[in-house]
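Here is the structure we will look at, set down as structure tokens.
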There are 4 protein chains.
Amino acid sequence: MPTVTEQRADLPRPGRKRSEESRLAILTAAFQLLAEVGYAALTIEGIATRSGTGKQTIYRWWPAKADVLMDALATKADLYVPVPDTGSHPADLREFLRASMVLGRRPEVAAGLRALMAEAQIDPAFGERFRASFLRPRRDALGALLDRARLRGELPPGLSVGTAVDLVFGVVWYRLLATGQELDDLLVEELVGVLTYGGN
Amino acid sequence: MPTVTEQRADLPRPGRKRSEESRLAILTAAFQLLAEVGYAALTIEGIATRSGTGKQTIYRWWPAKADVLMDALATKADLYVPVPDTGSHPADLREFLRASMVLGRRPEVAAGLRALMAEAQIDPAFGERFRASFLRPRRDALGALLDRARLRGELPPGLSVGTAVDLVFGVVWYRLLATGQELDDLLVEELVGVLTYGGN
Amino acid sequence: MPTVTEQRADLPRPGRKRSEESRLAILTAAFQLLAEVGYAALTIEGIATRSGTGKQTIYRWWPAKADVLMDALATKADLYVPVPDTGSHPADLREFLRASMVLGRRPEVAAGLRALMAEAQIDPAFGERFRASFLRPRRDALGALLDRARLRGELPPGLSVGTAVDLVFGVVWYRLLATGQELDDLLVEELVGVLTYGGN
Amino acid sequence: MPTVTEQRADLPRPGRKRSEESRLAILTAAFQLLAEVGYAALTIEGIATRSGTGKQTIYRWWPAKADVLMDALATKADLYVPVPDTGSHPADLREFLRASMVLGRRPEVAAGLRALMAEAQIDPAFGERFRASFLRPRRDALGALLDRARLRGELPPGLSVGTAVDLVFGVVWYRLLATGQELDDLLVEELVGVLTYGGN
DNA sequence: GCGTAATCGAGACGGTACGTCGGGTCTTTCT
DNA sequence: AGAAAGACCCGACGTACCGTCTCGATTACGC
């Protein structure tokens, strides 16, 4: 998965190359510090100190601390969720949901996601980047899965694919952000039930 | 010698009384500033200046700027949503949802809600207060409404009341926080459909 | 001697008073640090740390680090040089010069003076303040002394008072800044000789 | 005039030769920038950018930005002052002073001299270089001139040559650094008067 | 003419200090 | 005692330069 900060590699510019070592040290430090001190106490200064780099190096490559975190989350906790296509809608959906929830159950990942969503509210510019490079791909994946189900008539009538996607991500984010309830298998089954025609 | 007309007060402390004027000025300033500069640029200092009060007065009565905002939101935008009980589950639900969405469509209210939810992620202590005094009452109201429906067998089987509540608030919050889609009547109908047995 | 930063004391404003304790701690720290690390390594940050104050407190009361030093020099090393008026020109001049040189022989004072003169070259705004509140009073004092001598015809003809003053301060500053030679009694006598009619 | 940083030219080493083009571009840029932005805002980075060279090239050949300036001053504004020897002390002195003052009246030269003297106070290592390669030669020239006068008994008794030199350079530097007065012919005459036996 | 060696422009790097902002506290004066 | 005013210590912000370190691209000499 390409990171936000990747560079055009084709045109060889003069000057020293970007240090991959520093990049990784920064992402690791950000990820660790989030877990240790929380997002409120996560500072660029702290990341620089912990990673043994200069602040300028961070500012050079990431527009805000939330972007560092987004990058770290993508690099450290591989956020890839496969989009199954077995032909059976309930099975595909179940698989997708299960994989998503496994991710969301990891505490550091949950903390990261919550911080990103919070920052997206506070910094509109980051919000845009967050939506475009983080939320949208995952929305689209589930949307494609449900589109196939709709074609086979396995989605409840009166429920648009868009709203169905919103329902799924809605509950998941709501539990992450508001209630803190476990993202368990029971939830998976309930969602599969609600989103399958004749499934209840 | 106390006079006959002494105030009836539960705890008659000496000294100057809390200034209701200052309290209102602070809430108004907070509400206005949120709209004008955004939550990121909303500061205690700014609220004090705008409201013509001292910082100490704010710190004396609210633990954090998010609490000022929560207070302002409740005072400025009356957040009351009636919980109808007409005997018809779809009608009650539809009414509840419609009233909620009307509120969420007001831009200043939406901005306030997003800020509060963001702060709840960042400041755990405020998160607790936010859940207890803001989210819980609304959850309980919808929960009671859906409980009645369950008793009458109007809720889809295989869907717990708890998850149903999560579904509803999940979509609403998700649209507020993540997609920015309008909270329209179509969404109301889709939710009513999903949450009504045989309704689809 | 009133300091650069003195305030109108007559109108009693609300709010906390300026902390004399902090002021003194800052001046002391600046003076010590100059001696310890030199002017190049003298930083506002360092002064704040050493004095146990906040940077803002320094920025609030002094426009630049050189002004802190100028204030410290006036406070710590009392820079007062009496202007004698005994009626005898050579005696008066000798006394004035001797007192000045005693001051300039103190290493911390010399270091301070050199730093101030250097900064005056680099920061034109400070240069103005330095000239007005530091150099000018001393110039005027010697000027007055020599004026009296001129009236009594004890100054060499063909030498204006202005140039005579320049000659005196010129040598002294030149030795401080350029050669580092001791400001000794021999120099005093040579100057008295040059600036007294018939004295050589 | 050979630069301070010149290399042993006798042993022909392999590798690319020092670029005279870059050297000149750097000196020109330094000189221009001093006039345009002042010494405080004169940075190695700025000189590199303006001259179209790399920072390393500057650091390779000059120990500090003041040395670049000293070099530039010598290259751009030819600082040579002839030491006349006509046999007449007053005439020789007058000629030497006049030539010196003509130089000091040029604003860019004055700005350069002030910056160098300031830096000499702040950076002791540069101070040493400045004294040795800039101040000393000029002191020696005037010293030699006055030595000849002393032998002929044309110097006032009771005034050593060293102090006489200090008097001359003292006034000149004092006016440059402290008062900003013009270095005019009147000053020349007053100095000649003071430094000539029976001349007043 | 080919390798070795030094230079050059460019620019990223770890640092340090800058001057500012706001947080949360404390003090003073007034109500 | 509460409130406006405002100074205090503190810590992080984002920026500017420092002096150093790769890079790849030129030169130039010696073999």
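Because the structure is predicted, anything quoted here is derived from the model rather than measured. Lettering of chains follows the sequences in order, A, B, ..., and the numbering in each one begins at 1.
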Pick the nucleotide of DNA chain E nearest each of Ala48(D) and Lys55(B); which residue has the one closer to the 5' end? Ala48(D)

Closest-nucleotide mapping onto DNA chain E: is Gly15(A) or Ser51(A) further toward the 5' terminus? I mean the 5' end. Gly15(A)

Listed nucleotide nearest any side-chain atom of [X], set [options]:
| X | options | result |
| --- | --- | --- |
| Ser19(C) | dC23(F), dG14(F), dC8(F) | dC8(F) |
| Glu45(B) | dC17(F), dG23(E), dC13(E) | dG23(E) |
| Ser22(C) | dC8(F), dG24(F), dA10(E) | dC8(F) |
| Thr57(D) | dG9(E), dT28(E), dA12(F) | dG9(E) |

Do Gln56(A) side-chain and dA16(F) base share a donor-acceptor contact under 3.5 Å? yes

Please evaluate the base of dT28(E) for a donor-acceptor partner in the side chain of Arg16(C) within a cut-off of under 3.5 Å? no

What is the distance, to the nearest angstrom, from the [atom1] atom on [X] to the [atom2] atom on [N]?
| X | N | atom1 | atom2 | result |
| --- | --- | --- | --- | --- |
| Glu21(A) | dC21(F) | CD | C1' | 13 Å |
| Ile26(B) | dG2(F) | CD1 | C1' | 12 Å |
| Ile58(B) | dG24(E) | CD1 | P | 11 Å |
| Ile47(C) | dA17(E) | CD1 | C1' | 12 Å |
| Glu119(B) | dG23(E) | CD | P | 11 Å |
| Arg50(C) | dA17(E) | CZ | P | 14 Å |
| Asp123(C) | dG19(E) | CG | P | 10 Å |
| Trp62(A) | dC13(F) | CH2 | P | 15 Å |

Are OP1 or OP2 of [N] and a side-chain N or O of [X] less than 4.0 angstrom apart?
| X | N | answer |
| --- | --- | --- |
| Lys17(D) | dC29(F) | yes |
| Arg18(A) | dT22(F) | no |
| Trp61(D) | dC8(E) | yes |

Identify, between Pro14(D) and Glu20(B), the residue whose nearest nucleotide on DNA chain F lies closer to the 5' end. Glu20(B)

Position toward the 5' end of DNA chain F (nearest nucleotide), Thr43(A) or Gly52(B): Gly52(B)

Between Ala66(D) and Leu116(D), the two heavy atoms sitting closest are O-CD2, 3.4 Å

Side-chain contact, heavy-atom cut-off 4.5 Å: Thr75(C) with Arg23(C)? yes

Do the non-hydrogen side-chain atoms of Asp71(C) and Ile26(C) ever get within less than 4.5 Å of each other? no

Are Lys65(B) and Phe126(B) in a cation-pi setup, meaning NZ or CZ lies under 6.0 angstrom from the ring centre and within 45 degrees of the ring axis? no

NA contact type, Arg60(A), heavy-atom cut-off 4.0 Å: base, sugar-phosphate, or nothing? base

Determine whether more than 12 heavy atoms belonging to other residues, nucleotides or ligands lie under 6.0 Å from atom CD of Glu21(C). no

Taken to the nearest 0.5 Å, the spacing of Trp61(B) CH2 from Leu27(B) CG works out to 13.0 Å

